[in-house]
Amino acid sequence: MHVSLFSAPQGAVLQAIDDDGRVSGDPRTVPFDALAEAVAPLEAEHPRWVWDDTSRWYPPLLEAGVRIERCVDLRLSHAILRGSALTEGSALASAARSSWDQPTPEARVQREEHTLFDLEERPVSTAAEDTLVEFALQREAIAAADDPRRIGLLIAAESAGALVAAEIRHAGLPWSAEAHEAMLGEHLGPRPPSGQRPEKLEAVLARLRDALEAPALNPDSPADLLKALGVAGLMVKSTRSWELKKLKHPAIAPLLEYKKLARLLAANGWHWLDTNVRDGRFHPDYVPGGVVTGRWASKGGGGALQLPKQIRGAVIADPGWKFVVADASQLEPRILAALSGDRGMAEAGSAGDLYAGIVASGAVATRDEAKVAMLGAMYGATTGESGRLMPALTRAYPRAIGLVEEAARAGEKGEVVTTRLGRSSPRPGSEWREGQAEAYGETATDADASRARGQARGWGRFTRNFVVQGSAAEWALCWMAGLRGRLHEIGGGLWITDSPHLVFFMHDEVVVHCPEGLAAEVEAAVRAAAAEAGRLMFGPMPVTFPLTVAVVDNYGQAK
DNA sequence: GACGGCTCCAAA
DNA sequence: AACTTTTGGAGCCGTC
């Protein structure tokens, strides 16, 4: 059963839909502030809720204590179906661009200071028929797709991901402001008045200015810094840390130290703490599908997907609770092995360490070489050590390397590539296409041709990476969707935050917050969900997706 | 003063 | 150690 949910001037409308996508029974309108009470009893029948944006409907339901088992997020699904090579013949794919092609109108949601149910006075962006028509179009596109199961799984996983994102934001990651402040105090000194440098940062700066004999140096200005380094005889063309590390000079140590501390202050200092931690929780603001490849993005909310290892010690479980931290080891190369059906590479990963397996196969000499070679294969490196190792890797794993090479060649020609479950890459922009066309024109110079080749290779690196990164993102979605269901079962009917629940996600890593006594059960669930994700996506292909799991009190203790 | 481009660094 | 992919954010600096 499906139940669609949309806005009307009088309130929210609930409309049952049968499996053919046709309206079934009469619509029911309820005031927005009574929506949760209307949804909760229906949820007992396990419907799939159909709505325009999970980020718009679900947070207020969670606030009201209502959890949803499954949904269709029409906007996220639309983006996938619109671009997928698997549905390119559908009416949806050829329809005129509409509001469904716009990103979630979150500005409207967030601008409102009032409760999120206070929708009456806003323009209703999604009229009733829009939601129902769009859903029918999507069902039709999926049913007629080259492989309905694949694209159907992707839609379900993407929508489940949207639920997870809302639930993580709702629950929040346990965060000890006290531990965070202690860490800041240790590295930076006491909190200074706003606009001033902390004591310890100022001290390091004094040593730096001394060493460079530049008393007026502004260390935050790359140009100023470059000049001062030049005067001191240090010829570098950038002030990047890795470049500075190669130099030997009394100024280098304080400079690197300054950069490290300044970064901590700017990215995760007191200001970050003030704006992002409330009542002992950091509430990540994930954007499912926010990256072209299908990865999640994060915005506002403090950069959840760039949470530095340095400050993870402030993530402390509640008393009597634990974190189960799990990351998928060497996810992307394993995804590549599965995608390409490369039995040799699958075999190399079967013992646990894929890179060690590659060494054991004799393709390369050391684990570091295996790692750099694999990264190079997936990113499209041609120079350096990685480029040098490519021929040997290609000989050992022709199918795996062949797959990324083929994706790269498609991109160089401006063609579309598609992930395992059916997310397709965007087409290059008009500038790119014009550049390619001009390179073959009468008036083209060698420089034009060379620039066009460079851009073609650049787009090829993008499509090469797209198939791997995008398929890995799909695996992560399947993993989390399965884990979410299992955690709910373990919770035995308790509310999300009173039972094991997801509190963090970072591309190939999840953190579950759970009562200590359930940690072992949660660990088993995390592993089972990973195995199931592999089966769902790749069937009987014997590729394993081992996890590194740690049960800890403190996120900083994991890995 | 707003804005965009640039540099640098955090994550996977 | 980077090279080579996808991101977000802070600060600087020139332009408007």
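Being a predicted model, the structure only gives us computed values, none of them experimental. All heavy atoms count here, side chains included; hydrogens, waters and symmetry mates do not. A note on names: the letters A, B, ... follow the listed sequences, proteins ahead of strands, and every chain is numbered from 1.
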Below 3.5 Å is the cut-off: list the nitrogen or oxygen pairs between protein and nucleotides 1-4 of chain B, distance only.
none

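Atom CG of A:Leu264 is separated from atom C1' of C:dG11 by 16 Å (rounded to the nearest Å). Atom CZ of A:Arg457 and atom P of C:dT4 are 12 Å apart (whole Å). The CG atom of A:Leu225 sits 11 Å away from the P atom of C:dC13 (whole-angstrom rounding). Summarising the geometry, the separation between NZ on A:Lys299 and C1' on C:dT6 is reported as 15 Å, rounded to the nearest angstrom. Atom-to-atom, CH2 of A:Trp459 to P of C:dT4 comes out at 18 Å; the value is rounded to the nearest Å. The distance from atom CG of A:Leu336 to atom C1' of C:dT5 is 14 Å, rounded to the nearest whole Å. The CG atom of A:Asp285 sits 12 Å away from the C1' atom of C:dG8 (whole-angstrom rounding). A:Met378 places its CE atom 14 Å from the P atom of C:dT6, with the value rounded to the nearest Å.
Taking for each of A:Lys246 and A:Ala267 the nucleotide of DNA chain C with the nearest heavy atom, the 5'-most of the two is the partner of A:Lys246. Along DNA chain C, the nucleotide nearest A:Arg461 and the nucleotide nearest A:Asp224 are compared for position; the residue whose nucleotide lies closer to the 5' end is A:Arg461.
A:Thr382 comes within contact range of no nucleotide atom at all, as no heavy-atom separation falls under 4.0 Å. Within 4.0 Å (heavy atoms only), A:Ala266 reaches sugar-phosphate atoms of the nucleic acid but no base atom. Note on A:Thr383: a base of the nucleic acid sits closer than 4.0 angstrom, heavy atoms only. Within the 4.0 angstrom heavy-atom criterion, base atoms lie near A:Val372.
Using cut-offs of 30° and 60° for the angle between ring planes, the A:Phe282 and A:Trp175 rings count as perpendicular. The aromatic rings of A:Tyr286 and A:Trp296 are tilted relative to each other, their planes meeting at an angle between 30° and 60°.
Remark: the A:Ser350 side chain and the A:Thr544 side chain contain no N/O donor-acceptor pair separated by less than 3.5 Å. Between the side chains of A:Ser425 and A:Thr463, no donor-acceptor pair of N or O atoms lies under 3.5 Å. Side chain to side chain, A:Tyr58 and A:Arg169 fail the donor-acceptor criterion of an N or O pair below 3.5 Å.
Between A:Arg197 and A:Asp220, at least one side-chain nitrogen of the basic residue sits less than 4.0 Å from a carboxylate oxygen of the acidic one, meeting the salt-bridge criterion.
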- List the steps and the verdict of side-chain contact (heavy atoms from CB on, under 4.5 Å) for A:Cys478 and A:Leu421. CA-CA 11 Å; A:Cys478 291; A:Leu421 295 184; 4.2 Å; yes
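A:Arg312 forms a cation-pi arrangement with A:Tyr555, by the criterion of a distance under 6.0 Å to the ring centre and an angle within 45° of the ring axis.
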- Note on the structure: Letter by letter from the 5' end, nucleotides 5-12 of chain B scores (B base, S sugar-phosphate only, - none; protein heavy atoms under 4.0 Å) --SSBBSB
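Applying the side chain to side chain contact (heavy atoms under 4.5 Å, CB included) rule to A:Ala476 yields the partners A:Phe505; only residues at least two apart in sequence or on another chain are considered.
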